[in-house]
Every structure is written in structure tokens, then in C-alpha cells.
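Heads up, the thing below is written out as C-alpha cells.
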Amino acid sequence: MNFGTNVRKYRKKAKLTQVELAKAASVTPAMINQIEKGIRNPSVLVGFEIAKALKITLDELCKGA
């Protein structure tokens with residue numbers, strides 16, 4: 001699994017839309033969409049904010065535990 005696939009998996013598990021996750025992570029919905037599609041990789045800081053919004057660790061998000 002890649003990072004984007006993990007973001008989608010944990011976002012759906014948390015029952016969040018891309019818009020809700022984007023707002024919680026202080027990024028645009030387009031960025032979440034691009035990350036999930038594998039078009040873009042976020043910075044470490046953005047990855048941390050996404051993980052925090054999903055209430056998981058960045059390590060979990062990266063590894064897909």
C-alpha cells in the first residue's frame with residue numbers, strides 16, 4: 001500500500017469525507033484528492049496533520065498498520 005491508499009483507508013474508517021479531512025488537516029480538498037490518487041506526496045508536516053486529523057500516528061499512516 002502506498003501513502004495515498006492508506007489515507008483513503010483511514011479516512012473511510014473514520015467516516016470522513018475528503019472535505020472534512022482537508023478542513024481538519026488545514027489543507028485543500030484538492031490536495032487530499034491528489035494524495036489519495038497518488039498524484040502528490042505531502043510534506044512531513046502535512047502528513048502529520050492528516051494523521052492527527054485521523055487520530056492515528058504518522059507511522060501508522062505511512063505503514064498502513
Side-chain angles (χ1 to χ4, degrees):
M1 287 186 149
N2 65 28
F3 188 83
T5 303
N6 291 338
V7 170
R8 178 177 285 135
K9 178 179 89 171
Y10 285 110
R11 176 180 61 77
K12 289 183 181 257
K13 189 175 179 181
K15 298 183 178 165
L16 295 173
T17 65
Q18 288 183 346
V19 173
E20 291 167 333
L21 176 56
K23 186 174 181 180
S26 301
V27 297
T28 65
M31 179 177 248
I32 296 296
N33 184 273
Q34 291 171 352
I35 290 168
E36 287 187 0
K37 288 182 176 180
I39 296 169
R40 245 180 124 157
N41 285 319
S43 67
V44 174
L45 181 59
V46 170
F48 176 76
E49 290 300 322
I50 291 170
K52 188 166 78 171
L54 293 171
K55 297 179 173 67
I56 60 174
T57 65
L58 183 55
D59 189 51
E60 287 175 291
L61 190 55
C62 290
K63 291 181 180 177

> Where do Ile32 and Ile50 come nearest, in terms of heavy atoms and distance?
Replying inline: CD1-CD1, 3.9 Å
> Is there a side-chain contact (heavy atoms from CB on, under 4.5 Å) between Glu60 and Leu54 once you walk through the steps?
Replying inline: CA-CA 10 Å; Glu60 287 175 291; Leu54 293 171; over 6 Å; no
> Any side-chain heavy-atom pair from Val27 and Ile35 closer than 4.5 angstrom?
Replying inline: no
>> Could you work out, with side-chain hydrogen bond (donor to acceptor under 3.5 Å, both in side chains) as the rule, every residue matching Ser26, not counting sequence neighbours?
In response: none
>> Quick test of your reading: applying salt bridge (charged side-chain N to carboxylate O under 4.0 Å, His left out), list the pairs with at least one residue in residues 22-48, sequence neighbours left out, ordered by first then second residue.
In response: Arg8-Glu36, Arg11-Glu36
>> Please give me the minimum heavy-atom distance between Ala53 and Leu21, naming the atom from each residue.
In response: CB-CD1, 3.7 Å
>> For a quick test of reading the model, state the closest non-hydrogen atom pair linking Phe3 to Pro42 and the distance between them.
In response: CE2-CG, 3.4 Å
> If you measure from OG1 on Thr28 to CG on Asn33, what distance do you get to the nearest 0.5 Å?
Replying inline: 9.0 Å
> Taking C-beta and beyond as the side chain, do Asn2 and Asn41 meet within less than 4.5 Å on heavy atoms?
Replying inline: no
>> What's the separation between atom NZ in Lys55 and atom CG in Leu16, rounded to the nearest 0.5 Å?
In response: 7.5 Å
